[in-house]
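Below you'll find the structure, written out as structure tokens, and then a few comments.
Side chains included, hydrogens not; waters and symmetry mates left out as well; all remaining heavy atoms used. By convention here, the first residue in the shown sequence is residue 1. Both ligands and their constituent atoms are indexed starting at 1 by order of listing.
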Amino acid sequence: MTAVTITRFGDAAELRPTTVPRPEPGPGEVRVQVRAAGVQPVDLAVRAGKGPPNAPVALPLVLGNEFAGTVDAVGAGVAEVAVGDEVLGFATFGSYAEYRLISSDQVVRKPVGMPWEVAGSFTAGAQTATIAVEALAVAAGETFLVHAGAGAVGAMAVQLARLRGATVIATAREVNHDYLRSLGAIPVEYGDGLVDRVRAAAPNGVDVVLDAAGVAAIRASIDLGVDRDRIGTIVAWQEAAELGVRRLVGVRSARRLAALVGLYDTGLLRTHVRSVYPLADAAAAHREVETGHGRGRVVLVTG
Ligand SMILES: NC(=O)c1ccc[n+]([C@@H]2O[C@H](COP(=O)([O-])OP(=O)(O)OC[C@H]3O[C@@H](n4cnc5c(N)ncnc54)[C@H](OP(=O)(O)O)[C@@H]3O)[C@@H](O)[C@H]2O)c1
């Protein structure tokens, strides 16, 4: 089978399609014929040798923390998933490949109406946003500011907070403002003058903040007078400690993912696929994500 492998850290050119043995599932595992895999900013950091802080990285490495595909083999003791099931799931690495092994408790059923490229790029943004919104206890009637609202995490956070009854202000470039409005947010442009623009959009103040952009967004949130205990970041972990704001971390789970997939299936959550590349063009996909701009997720597809 083909897997996109890195054998040393570096730029996108290090992502090389390689022929490797197709793996066999062990006890409790399933083998998934991967149809789609999301490309996350963290994949670029790992490729460059800069992360993540919470997982050991050994080379050669196949990147990719989220995927969707068809179960084509099951190991001993697997009862909840069967050959032929269409699933999506989460992992640490291994998804930029035609096949991957995964513990059977890290996949959930893909709804028939969920396209492969949506399924393959769903879990990281949706689960991270849920963890953030829950940790920050975003509540009905509150005003929630989402920095980087057009990204995969931000767009999910906007929608989840709207479902909780919050008013949501979200930052993005002007080109993404109609998209943010379609998700139910009040869009605001980031950059110089951000604090004044947010004050104009939220004359009664901001109660709670998710930073998915970086330290400048945290500083702006502090300038807005938001209680530091209600400012959370998924980006600037070191600065979070220095500035006294919250570092948002959580453990992904199939239970949470199934609930989010259910919201998608009933039309209550939407995702945007920014662009789709063949698996062999993973380097081009990384170069697109490396721009740091755009709506939603970049996705690799097989076949
Ligand atoms: N800690 C965790 O568990 C965790 C999990 C997932 C992601 N993350 C991190 O969270 C961040 C967002 O992830 P993602 O997957 O949502 O990324 P993404 O889909 O690539 O989106 C990035 C977004 O950032 C926006 N942006 C760029 N510069 C900005 C700025 N100065 N202010 C506000 N928005 C800005 C872009 O919007 P425009 O096109 O409008 O510029 C784009 O929509 C990344 O740094 C990622 O590594 C952390």
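- Residue contacts with ligand 1, taken as heavy atom pairs separated by less than 4.0 Å, do not involve Arg295 at all.
- In this structure, Gly292 counts as a contact residue of ligand 1, since one of its heavy atoms falls inside 4.0 Å of the ligand.
- Between Arg274 and Glu117 there is no salt bridge, since no side-chain N of the basic residue sits under 4.0 Å from a carboxylate O of the acidic one.
- The N/O atoms of Ala212, backbone and side chain alike, include none that comes under 3.5 Å of an N/O atom in ligand 1.
- Looking from atom 39 (O) of ligand 1 to the surrounding protein, the closest heavy atom is Gly294 N, 2.7 Å.
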Between side-chain atoms of residues 292-303 and protein atoms elsewhere (two or more places apart, or another chain), which donor-acceptor pairs fall under 3.5 Å?
unit_1 : atom_1 : unit_2 : atom_2 : d
His293 : ND1    : Tyr190 : OH     : 3.2
Arg295 : NH1    : Val175 : O      : 3.3
Arg295 : NH1    : Asn176 : OD1    : 2.7
Arg297 : NE     : Glu66  : OE2    : 3.2
Thr302 : OG1    : Val34  : O      : 2.6

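- Arg162 places a side-chain N or O within donor-acceptor distance of the main-chain N or O of Ala166, the cut-off being under 3.5 Å.
- Between Gly296 and ligand 1 there is a heavy-atom distance shorter than 4.0 Å.
- The proximity of Ala150 to ligand 1, defined as any non-hydrogen pair under 4.0 Å, involves the side chain as well as the backbone.
- Backbone and side-chain nitrogen or oxygen atoms of Thr128 are examined, and none is located within less than 3.5 angstrom of a nitrogen or oxygen of ligand 1.
- Against a heavy-atom cut-off of under 4.0 Å, Arg297 is close to the following atoms of ligand 1: 14 (P), 15 (O), 19 (O).
- Heavy atoms of Ile234 found under 4.0 angstrom from ligand 1 belong to the backbone as well as the side chain.
- Under a hydrophobic clustering in which Ile, Leu, Val, Met, Phe, Trp and Tyr are joined whenever their side-chain heavy atoms come within less than 4.5 Å, directly or via other members, Leu160 and Tyr179 fall into the same cluster.
- Here Glu288 has no heavy atoms under 4.0 Å from ligand 1, in either its backbone or its side chain.
- Ligand 1 has no nitrogen or oxygen under 3.5 angstrom from a nitrogen or oxygen of Leu248.
- A cation-pi contact, defined as under 6.0 Å to the ring centre and within 45° of the axis, is absent between Arg252 and Phe90.
- Atom numbering of ligand 1 starts at 1 in the shown order; those under 4.0 Å from a heavy atom of Ala172 are 40 (O).
- Within the 3.5 Å criterion, the main-chain N or O of Arg270 finds a donor-acceptor partner in the side chain of Gln159.
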Checklist line | Stepwise side-chain hydrogen bond (donor to acceptor under 3.5 Å, both in side chains) test for His147 and Ser221 | finding: CA-CA 9 Å; His147 294 281; Ser221 309; 2.9 Å; yes

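- Note on Arg47 versus Glu14: no salt bridge recorded, every NZ/NE/NH1/NH2 to OD/OE distance being 4.0 Å or above.
- Checked against a 3.5 angstrom limit, the closest N/O atoms of Arg252 and ligand 1 fall outside it.
- Checked against the 6.0 Å centroid criterion, the rings of His286 and Tyr96 qualify as a close aromatic pair.
- Distance from atom 17 (O) of ligand 1 to its nearest protein heavy atom, with residue and atom name: Pro41 CG, 3.4 Å.
- Annotation: atom 7 (C) of ligand 1 to nearest protein heavy atom, Val153 CG2, 3.8 Å.
- With hydrogens left out, the protein atom closest to atom 19 (O) of ligand 1 is Ala152 N, 2.9 Å, a heavy atom.
- Between Asp178 and Arg181 a salt bridge is recorded (basic side-chain N to carboxylate O distance below 4.0 Å).
- Nearest-heavy-atom check against atom 20 (O) of ligand 1 across Gln127, Arg274, Glu290 picks out Arg274.
- By the 3.5 Å distance cut-off applied to N or O atoms, Tyr190 is counted among the residues near ligand 1.
- Summarising the contacts of atom 22 (C) of ligand 1 with Ala157, Ala155, Gly151, the nearest heavy atom is found in Gly151.
- The proximity of Val235 to ligand 1, defined as any non-hydrogen pair under 4.0 Å, is limited to the side chain.
- Less than 4.0 angstrom separates some heavy atom of Thr171 from each of these atoms of ligand 1: 33 (C).
- Asp85 places no side-chain N or O within donor-acceptor distance of the main-chain N or O of Val87, the cut-off being under 3.5 Å.
- Looking at residues two or more places apart in sequence or on another chain, you find no ring pair (Phe, Tyr, Trp, His ring centres under 6.0 Å) involving His177.
- No side-chain donor-acceptor contact under 3.5 Å links Thr130 and Arg256.
- The ligand atoms of ligand 1 that sit less than 4.0 angstrom from a heavy atom of Ala148 are 24 (O), 25 (C), 33 (C), 34 (N).
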